Amino acid sequence: KSSDDPLIKQFKEYLRLATLAATKSDYETAIRYWKNALLWSPSHTELRRLIDKGYVDWLDSQFIPTAKKREIRTAQAAWKRLVRGYQLYADQDYSAALQILNEAVFLDPSLIEAYKWIGCIAAIQGKSIKASEAFIKVIRSEPDFELTGEIPAKVHQLFNRLKGDK
């Protein structure tokens with residue numbers, strides 16, 4: 001895709017905002033933007049590394065109350081499950097991936113990428129209602145979201161139909 005592509009521009013903007021937040025030690029914001037960027041480029045290993053490091057740096061911050069540290073650790077555990085779920089999806093171990101991804105959203109219901117992969121797996125397995133429920137959560141959170149990565153055509157069709165694209 002060219003650098004004029006709106007998806008590329010959005011991806012770069014998320015990276016810029018994440019970097020800016022990280023330089024200000026605002027790890028919560030940085031992680032949120034890195035995760036948004038990851039939605040556009042799901043196999044981007046450097047983004048995954050930055051998110052992992054962001055959680056570690058955030059936990060190492062000096063003035064975080066104990067309750068907040070528990071919240072961060074829970075989000076970090078959800079993130080690790082999301083990464084594992086994506087790996088299992090890539091290996092086409094859909095049952096194991098679905099179990100891990102469901103654990104991720106149980107721990108952190110704001111993990112939009114997890115819902116994306118849950119929707120993809122459900123659609124691949126022919127569970128269109130479950131897939132639709134997951135995709136609707138993605139679309140409501142990110143209305144301009146487009147599926148990227150190794151995703152079958154029938155999954156794209158369902159997602160686009162839910163978005164209202166014909």
Side-chain angles (χ1 to χ4, degrees), residues 1 3 5-91 93 96-122 131 133-151 155 159 163:
K1 294 186 175 188
S3 60
D5 185 310
L7 296 178
I8 300 287
K9 286 181 179 181
Q10 184 65 57
F11 176 78
K12 287 181 178 181
E13 180 64 6
Y14 283 141
L15 291 181
R16 185 188 72 75
L17 293 169
T19 303
L20 182 63
T23 59
K24 295 178 180 178
S25 298
D26 182 357
Y27 300 111
E28 184 173 14
T29 301
I31 289 168
R32 186 176 69 246
Y33 282 123
W34 282 323
K35 285 180 180 179
N36 285 340
L38 198 61
L39 287 170
W40 302 97
S41 182
S43 58
H44 200 291
T45 53
E46 179 63 13
L47 276 175
R48 293 180 187 282
R49 188 194 67 72
L50 286 169
I51 293 167
D52 286 337
K53 184 179 179 332
Y55 277 118
V56 170
D57 291 347
W58 193 9
L59 284 167
D60 287 344
S61 299
Q62 291 184 353
F63 304 108
I64 297 179
T66 303
K68 184 67 175 177
K69 283 196 179 209
R70 273 195 298 274
E71 181 184 320
I72 296 167
R73 284 190 185 98
T74 299
Q76 184 180 31
W79 168 251
K80 288 181 179 186
R81 283 172 176 78
L82 169 63
V83 170
R84 180 68 183 132
Y86 174 74
Q87 291 166 341
L88 291 165
Y89 171 88
D91 293 341
D93 187 350
L98 194 55
Q99 179 181 345
I100 297 289
L101 291 165
N102 280 318
E103 290 174 15
V105 296
F106 176 79
L107 291 170
D108 183 356
S110 71
L111 274 178
I112 298 307
E113 187 181 1
Y115 289 110
K116 166 192 169 180
W117 296 115
I118 288 169
C120 289
I121 292 167
E133 291 169 350
F135 286 150
I136 287 169
K137 288 179 182 178
V138 173
I139 294 164
R140 284 186 179 150
S141 177
E142 291 282 333
D144 295 329
F145 183 78
E146 298 291 333
L147 288 180
T148 58
E150 299 292 320
I151 299 170
V155 176
F159 185 83
K163 276 185 70 175

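Predicted, not measured: the structure shown is a model, and the values here were computed from it.
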Participant: For the backbone of D93 and the side chain of D91, can you confirm whether one donor and one acceptor N or O come within less than 3.5 Å of each other?
Facilitator: no
Participant: To check you understand the geometry: which heavy-atom pair defines the closest contact between C120 and I151, and what is its length?
Facilitator: SG-CD1, 4.0 Å
Participant: Run the side chain to side chain contact (heavy atoms under 4.5 Å, CB included) check on Q76 and L59 step by step: do they pass?
Facilitator: CA-CA 10 Å; Q76 184 180 31; L59 284 167; 3.3 Å; yes
Participant: Of the non-hydrogen atoms in L50 and W34, which two are nearest, and what is the gap between them?
Facilitator: O-CZ3, 3.5 Å
Participant: If the condition is side chain to side chain donor-acceptor pair (under 3.5 Å), which residues does K80 pass it with, not counting sequence neighbours?
Facilitator: none
Participant: With sequence neighbours excluded, tell me which residues meet ring-ring contact (aromatic ring centres under 6.0 Å, His included) with F145.
Facilitator: W40, F159
Participant: Taking all non-hydrogen atoms of both residues into account, name the closest pair between A114 and V105 and its distance.
Facilitator: CB-CG1, 3.5 Å
Participant: Search all heavy atoms of V138 against all heavy atoms of I112 and return the closest pair with its distance.
Facilitator: CG2-O, 3.7 Å
Participant: Taking only residues two or more places apart in sequence or in another chain, which ones pass ring-ring contact (aromatic ring centres under 6.0 Å, His included) with Y89?
Facilitator: Y94, W117
Participant: Quickly, which of L107, T74, I51 forms a side-chain contact (heavy atoms from CB on, under 4.5 Å) with W79? Name it, please.
Facilitator: I51
Participant: Got a salt bridge between K68 and E28, using NZ or NE/NH1/NH2 to carboxylate O under 4.0 Å?
Facilitator: yes
Participant: Would you compute the distance between atom CD1 of I118 and atom NZ of K116 and round it to the nearest 0.5 angstrom?
Facilitator: 12.5 Å
Participant: Can we say R48 and E113 salt-bridge, meaning some charged N sits less than 4.0 Å from an Asp/Glu carboxylate O?
Facilitator: yes
Participant: Would you compute the distance between atom OH of Y86 and atom CG of L101 and round it to the nearest 0.5 angstrom?
Facilitator: 11.5 Å
Participant: Regarding R140 and the six-membered ring of Y115, is the cationic atom NZ or CZ under 6.0 Å from the ring centre and inside 45° of its axis?
Facilitator: no
Participant: Given side chain to side chain contact (heavy atoms under 4.5 Å, CB included), test Y33 with L20 step by step and report yes or no.
Facilitator: CA-CA 10 Å; Y33 282 123; L20 182 63; over 6 Å; no
Participant: If you compare all heavy atoms of G54 against all heavy atoms of I31, which two are closest, and at what distance to 0.1 Å?
Facilitator: C-CD1, 3.6 Å
Participant: Hey, what do you get for CG (D108) to CD (E103), rounding to the nearest 0.5 Å?
Facilitator: 13.5 Å
Participant: Quick check for you: to the nearest 0.5 Å, what is the distance between D52 atom CG and T45 atom OG1?
Facilitator: 11.0 Å
Participant: So does K53 pair up with D57, basic N to acidic O under 4.0 Å?
Facilitator: yes
Participant: Can you check whether I64's main-chain N or O pairs, donor with acceptor, with K69's side chain at less than 3.5 Å?
Facilitator: no
Participant: Which distance, rounded to the nearest 0.5 Å, do you find between the CG of L98 and the CG of L88?
Facilitator: 10.5 Å
Participant: Rounded to the nearest 0.5 Å, what's the gap from CD on Q10 to CG on L15? Could you check?
Facilitator: 10.5 Å
Participant: Which pair of heavy atoms, one from A97 and one from G85, lies closest together, and at what distance?
Facilitator: CB-O, 3.5 Å
Participant: When you measure from the side chain of D26 to the backbone of A22, do you find a donor-acceptor pair of N or O atoms at a distance under 3.5 Å?
Facilitator: no
Participant: For the pair L111 and F106, evaluate side chain to side chain contact (heavy atoms under 4.5 Å, CB included) and give the outcome as yes or no after the intermediate values.
Facilitator: CA-CA 10 Å; L111 274 178; F106 176 79; over 6 Å; no
